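Written below as structure tokens is the structure these notes are about.
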Amino acid sequence: MNTFGTTFCVTIFGESHGSAVGVVVDGVPAGLRLDRALIDRELARRAPGRSEYATPRTEPDIPEILSGVKDGVATGAPIACIFRNTDTRSQDYPSALRPGHADWTSLLKYGVHADLRGGGRFSGRLTTGLVFAGAIAKQILLQDDVEIFARIQAIGGVSDTIKLTGLTETQAVWAEQALREIAQKDFPCADDMEAVFKETILLAKEEQDSVGGVIEAACFGVPAGTGEPFFDSVESRVAHLLFSVPAVKGVEFGAGFRFAELLGSEANDPLELEDGKIVSRTNKNGGILGGIASGAPILVRAAIKPTASIGLPQHTVDMETLSETILELSGRHDPCIVPRAVPVVEACLAIALLDLMREGEQI
């Protein structure tokens with residue numbers, strides 16, 4: 001359905017080319033003064049039309065808060081917020097099904113009533129509400145010194161050399177500071193990779209194609225013991241929300257799929273005592289064991305597929321004539337969705353972890 005969470009509930013609604021998209025956030029504590037600077041900053045990171053590396057569709061994404069806030073302070077009632085769609089061009093979308101999109105499957109599910117304009121409810125436009133909710137969740141988490149930072153790890157098969165798993169404590173402190181600085185950048189990646197990533201995107205754009213990539217996030221300060229196994233483990237809840245984001249096709253934690261190549265002696269994180277407290281010497285398991293947070297940073301990666309809308313000829317079916325045809329799209333599309341998806345990944349982690357921490361009465 002369209003609602004996620006049990007203690008911090010997020011409901012999204014709207015369509016890409018409807019009058020607006022929106023979100024309802026339930027569970028915001030009364031008396032919380034919303035940090036509008038934080039909210040606006042997060043929305044700006046996701047917004048389209050900001051650079052040559054994104055779609056030229058320009059949406060101001062100004063939040064119109066309809067309820068749950070009085071004089072900038074949460075009342076305890078659900079916060080409803082909408083974002084007007086002001087720059088739609090429905091005529092750019094033909095009757096031919098777009099390969100790689102949900103056009104085909106939405107027709108299978110909803111029939112002729114499906115809204116295919118701009119991807120309808122399956123568009124990345126719907127993540128605007130997630131980022132709004134995530135900004136509120138981040139503000140609440142900060143009260144308990146929980147912070148989340150993400151970066152672009154790879155684009156088009158080219159990856160940076162930063163490794164967050166298997167770090168010693170000293171290295172982990174360095175990594176946290178490095179991630180904190182990277183997350184503040186307009187193009188959040190390691191300095192030595194920015195030119196390479198941008199060139200990869202522009203090359204695909206020139207060829208009327210697109211590229212995907214990998215976003216890696218680290219969550220610092222999540223209380224040990226967070227998680228509700230079996231079916232509401234940290235991995236289960238976080239992956240559930242991440243896989244709800246359009247274009248996310250893979251999620252892994254810690255060393256992830258590389259575990260399949262390791263020996264047990266290589267995969268385990270040795271334990272030691274530090275001031276009488278048990279800590280792990282490395283963090284290959286990404287801060288989660290048995291579905292429960294260990295207190296070490298939670299490390300997550302999300303694989304983002306290439307934008308499905310491209311200008312190259314693609315074989316498909318025209319729904320009006322029910323005949324095979326060749327589709328060449330000419331609308332406004334992202335050559336790479338990865339840079340704009342970074343705040344979305346962070347928002348998902350913030351929402352999922354806040355919900356879990358409350359369930360475990362950690363905060």
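Keep in mind that this is a model prediction, so the values were computed, not measured.
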Donor-acceptor contacts under 3.5 Å from residues 130-137 side chains, at least two apart:
none

Please list, chain by chain and in numerical order, all residues satisfying side-chain hydrogen bond (donor to acceptor under 3.5 Å, both in side chains) with [X], sequence neighbours excluded.
X	value
D191	K185
Q208	none
T316	none

- Message: Taking salt bridge (Lys or Arg N to Asp or Glu O under 4.0 Å) as the cut-off, I'd like each qualifying pair that reaches into residues 6-23, sequence neighbours left out, listed once.
- Response: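 Residue pairs passing salt bridge (Lys or Arg N to Asp or Glu O under 4.0 Å), neighbours aside: none found.
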- Task: Would you mind listing the cluster partners of I310? Hydrophobic ones only (ILVMFWY), side-chain contacts under 4.5 Å, chaining allowed.
- Result: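 Joined to I310, directly or through intermediates: L312.
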- Query: Taking only residues two or more places apart in sequence or in another chain, which ones pass salt bridge (charged side-chain N to carboxylate O under 4.0 Å, His left out) with E64?
  - Reply: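 Per chain and number, E64 pairs via salt bridge (charged side-chain N to carboxylate O under 4.0 Å, His left out) with R84.
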- Query: What residues form a salt bridge (charged side-chain N to carboxylate O under 4.0 Å, His left out) with E147, not counting sequence neighbours?
  - Reply: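 Expected list: R180.
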[X] side chain vs [Y] backbone, donor-acceptor pair below 3.5 Å:
X	Y	answer
D355	T6	yes
S233	S236	yes
N85	G18	yes

- Query: For residues 229-253, which residue pairs qualify under ring pair (Phe, Tyr, Trp, His ring centres under 6.0 Å), counting only residues two or more places apart or in two chains?
  - Reply: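 Every pair satisfying ring pair (Phe, Tyr, Trp, His ring centres under 6.0 Å) with a residue in residues 229-253: F4-H240.
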- Which pairs count as side chain to side chain donor-acceptor pair (under 3.5 Å) when at least one residue sits in residues 212-222, sequence neighbours excluded?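 Listed once each, the pairs are R151-E216, E216-R301.
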Listed pairs under 3.5 Å, donor-acceptor, residues 20-37 side chains, sequence neighbours left out:
{"unit_1": "R33", "atom_1": "NH1", "unit_2": "D71", "atom_2": "O", "d": "3.3"}
{"unit_1": "D35", "atom_1": "OD1", "unit_2": "A37", "atom_2": "N", "d": "3.2"}
{"unit_1": "D35", "atom_1": "OD1", "unit_2": "L38", "atom_2": "N", "d": "3.0"}

- Item | Counterpart residues, side-chain contact (heavy atoms from CB on, under 4.5 Å), relative to T321 (two or more places apart) |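 Testing T321 for side-chain contact (heavy atoms from CB on, under 4.5 Å), a comparison that skips the adjacent residues, returns D318, S323.
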- Item | Note, L327 side chain near P313 side chain (heavy atom, < 4.5 Å) |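 No, their side chains stay 4.5 Å or more apart.
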